[in-house]
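Note sheet for the following structure.
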Amino acid sequence: MKIAVIGAGIVGMTTAYELALDGHSVSVFERNASVAEEASYACAGHLGGSLFHPLSFPTWPSASRLRTSLAPSGISMGRGITLRDLRWRHAWKSPGKDFNERFDGAQTLAAYSLQRLRTIAVQASLVFERSQGQLVLFKTESEQLAQRERLELLNQRGAVGKILNPAETRVLEPALDANLDFHSSVYFAQDEVGNCRQFAHLLKEKIVESGGALHFGTQVTALSGATSPEIQTQNKGTLSFDRVVICAGAIGVKLNVPEFKHVALARVSSTSVSAQIREPLNAPRSAVLDWHTQTSVSRMGARIRISGGATLGQKHSRTTERTQKQLFQTLQSHFPGAADFSRSMQIWEGASIFSPDALPLVGASVSPGVWLNLAHGHNGWSMACGAARLIADQISGKSTDIDATKLRPGRFKP
Ligand SMILES: Cc1cc2nc3c(=O)[nH]c(=O)nc-3n(C[C@H](O)[C@H](O)[C@H](O)COP(=O)(O)OP(=O)(O)OC[C@H]3O[C@@H](n4cnc5c(N)ncnc54)[C@H](O)[C@@H]3O)c2cc1C
């Protein structure tokens, strides 16, 4: 089939790769000049099924409904807040009866995705910056106990998290500052850290090798077509395809897709700071997430990346001074001397799109020939390879490796 993919972030590139692998004729349309220039540009790199980042999934409902809804979500209010954002925030903070099923759906997709990423990396001989394992640090016992339920469920699902005391933690991450005071940690040996942007660039080469076309600097302005889809572009006119897959991240929600009317999709921005490692012995071996400050420090090849902060709002909000201060403070307290800020340092803010039930929209739209693969929230890198394989199998009419019904784009229609 002749298939258009809108968006060349990590979701668009993995989707185009899988479709090309299945023998389709793929054309990618991207408004920027290259791949992974938006949310996929400098993400923290966490990959895998633990979904332990505070933004990966809403508050665990062990507390009463009232306590849960009063609890801070770690998401601050930015500029251009709409009624839809408030509806999203309310839904995000309300656990709902199907909380465990939804968590199960997200965890299954992320675990499947990591498996798929490993297969692609071997099949396509992709060499990219990656490291094994993720640690989550708890400052106090109560912080760790509050996560007991989540850990039990993860352990049942095979995403085993091992609780470690500080001495055991330091064996895994010997560069953690000796003066850092923390109660315990949980270690996910099967999770990984990987360079999302680098992976997207490597896929670009494979897509081109298999005959796929990439159209950069080409914004898709509208979708149309009564029986088969047509896309209107800013500089290439109107083009017809057998299928169109929208992987257009936070900006893509402006496209005229019927499903978007029924769902409050939110734009949440986070920040990362990347710098060269000054002394490898002072840097993390893989990723360390500080639960208390919700900040992660990860190794990205010869660089270190600190990321955190979460701001809700449709308008671009410049990284707050508070977030930046928090990122530098966490690096200083956890891995002092690891980064060399005198050479090139990059401060970057990216916006991801979040659905109210924390699951992405993956599957067919009611518009003929139009498919969606978006709204992966803070798990876009973790879920991209799995979601891409699911959509490729669905488009080819094959059965999928995991159940994709919870991800149906039409699930929000009243
Ligand atoms: C600081 C930070 C840290 C993160 N850490 C992690 C992490 O550790 N693990 C994890 O799994 N996830 C993480 N995330 C989330 C993850 O980065 C995103 O979920 C993921 O990058 C989304 O990918 P995407 O391809 O859907 O969107 P994007 O990367 O935003 O790509 C969408 C693309 O579509 C293009 N586009 C949009 N509209 C149009 C149009 N009309 N025409 C043409 N092109 C269009 C855009 O230009 C863009 O390039 C993090 C995010 C941030 C900001």
Side-chain angles (χ1 to χ4, degrees), residues 4-16 28-53 55-56 106 109-110 113-114 117 134 191-197 199-200 214-223 231-236 244 246-257 267-274 287 289 294-296 298 300 305-311 319 323 327 347-355 360-362 372-388:
V5 173
I6 306 176
I10 190 62
V11 174
M13 295 311 282
T14 48
T15 302
V28 180
F29 295 87
E30 167 58 52
R31 57 179 208 131
N32 288 317
S34 187
V35 303
E37 291 285 298
E38 303 279 343
S40 312
Y41 185 73
C43 90
H46 296 229
L47 274 168
S50 71
L51 296 185
F52 226 81
H53 192 283
L55 287 177
S56 288
L109 176 58
S113 191
L114 182 53
L117 175 140
Q134 286 180 29
D191 283 0
E192 284 195 31
V193 174
N195 189 327
C196 173
R197 179 167 175 265
F199 193 82
L214 287 116
H215 304 274
F216 293 115
T218 306
Q219 176 149 1
V220 175
T221 49
L223 297 166
I231 61 169
Q232 279 145 49
T233 65
Q234 228 167 22
N235 51 359
K236 292 193 164 66
V244 170
I246 306 178
C247 307
I251 310 143
V253 290
K254 294 194 177 122
L255 289 168
N256 48 331
V257 175
R267 184 183 182 279
V268 176
S269 306
S270 298
T271 302
S272 69
V273 175
S274 308
L289 169 67
Q294 310 202 342
T295 304
S296 94
S298 37
M300 214 50 83
R305 182 164 291 160
I306 317 117
S307 82
T311 309
T319 308
T323 302
L327 300 186
I347 300 180
W348 171 81
E349 188 191 77
S352 306
I353 176 167
F354 283 59
S355 74
L361 275 58
V362 182
L372 307 182
N373 189 4
L374 42 78
H376 301 74
H378 204 72
N379 307 313
W381 173 216
S382 282
M383 292 176 169
C385 293

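Whatever order the structure lists them in is the order used to number ligands and atoms, beginning at 1. Everything numeric here is computed off the predicted structure, so don't read it as measured data.
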Next on the checklist: Can you tell me which residue among Leu109, Ile10, Thr14 is in a side chain to side chain contact (heavy atoms under 4.5 Å, CB included) with Met383?
Outcome noted: Leu109

May I ask whether [X] has any heavy atom positioned less than 4.0 angstrom from an atom of ligand 1?
{"X": "Leu374", "result": "no"}
{"X": "Glu37", "result": "no"}
{"X": "Gly377", "result": "yes"}
{"X": "Thr218", "result": "yes"}
{"X": "Cys247", "result": "yes"}

Checklist entry - With a cut-off of 6.0 Å (strictly less than), are more than 12 heavy atoms of other residues, nucleotides or ligands near NZ of Lys236? => result yes

From [options] - option closest to [atom] by heavy atom:
{"atom": "atom 38 (N) of ligand 1", "options": "Ala8, Ala248, Gly48", "answer": "Ala248"}
{"atom": "atom 30 (O) of ligand 1", "options": "Ser296, Cys196, Ala39, Ala36", "answer": "Ala39"}
{"atom": "atom 23 (O) of ligand 1", "options": "Gly9, Ser40, Ser352", "answer": "Ser40"}

Next on the checklist: When you compare the side chain of Val11 with that of Leu374, does any pair of heavy atoms fall below 4.5 Å?
Outcome noted: no

Next on the checklist: Quick check: do Asp191 and Phe52 have side-chain heavy atoms less than 4.5 Å from each other?
Outcome noted: no

Is the closest N or O pair between [X] and ligand 1 shorter than 3.5 Å?
{"X": "Ala351", "value": "no"}
{"X": "Ser272", "value": "no"}
{"X": "Val11", "value": "yes"}
{"X": "Thr271", "value": "no"}
{"X": "His46", "value": "yes"}

Specify the protein heavy atom at minimum distance from [atom]: its residue, its atom name, and the distance to 0.1 Å.
{"atom": "atom 43 (C) of ligand 1", "result": "Arg31 N, 3.4 Å"}
{"atom": "atom 4 (C) of ligand 1", "result": "Cys43 CB, 3.3 Å"}
{"atom": "atom 41 (N) of ligand 1", "result": "Val220 O, 2.8 Å"}
{"atom": "atom 53 (C) of ligand 1", "result": "Gly350 O, 3.2 Å"}
{"atom": "atom 33 (C) of ligand 1", "result": "Glu30 OE1, 3.5 Å"}
{"atom": "atom 34 (O) of ligand 1", "result": "Gly7 CA, 3.2 Å"}
{"atom": "atom 27 (O) of ligand 1", "result": "Gly249 CA, 3.8 Å"}
{"atom": "atom 12 (N) of ligand 1", "result": "His378 O, 2.8 Å"}

Checklist entry - Do the rings of His46 and His53 sit parallel, tilted or perpendicular, given the 30° and 60° boundaries? => result perpendicular

Examine distances only and state if a side-chain atom of [X] and a backbone atom of [Y] form a donor-acceptor pair shorter than 3.5 Å.
{"X": "Ser272", "Y": "Ser307", "result": "no"}
{"X": "Glu37", "Y": "Arg31", "result": "no"}
{"X": "Glu30", "Y": "His215", "result": "no"}
{"X": "Trp348", "Y": "Ser274", "result": "no"}
{"X": "Asn195", "Y": "Arg197", "result": "yes"}
{"X": "Thr218", "Y": "Phe216", "result": "yes"}
{"X": "Gln219", "Y": "Thr221", "result": "no"}

Checklist entry - Stepwise, does the side chain to side chain contact (heavy atoms under 4.5 Å, CB included) test hold for Trp381 with Leu117? => result CA-CA 10 Å; Trp381 173 216; Leu117 175 140; 3.5 Å; yes

Heavy atoms only: give me the nearest [X]-[Y] pair and the separation to one decimal.
{"X": "Thr15", "Y": "Cys247", "result": "OG1-SG, 3.7 Å"}
{"X": "Gly7", "Y": "Val28", "result": "O-CG1, 3.9 Å"}
{"X": "Gly308", "Y": "Leu327", "result": "N-CD2, 3.5 Å"}

Checklist entry - Does Phe29 approach ligand 1 within less than 4.0 angstrom via side chain, backbone, both or neither, non-hydrogen atoms only? => result backbone

Which atoms of ligand 1 are found less than 4.0 Å from any heavy atom of [X]?
{"X": "Ala44", "value": "3 (C), 4 (C), 5 (N), 6 (C), 8 (O)"}
{"X": "Ser382", "value": "10 (C), 11 (O)"}
{"X": "Trp381", "value": "10 (C), 11 (O), 12 (N)"}
{"X": "Ser270", "value": "1 (C), 2 (C), 53 (C)"}
{"X": "Glu38", "value": "30 (O), 46 (C), 47 (O), 48 (C), 49 (O)"}

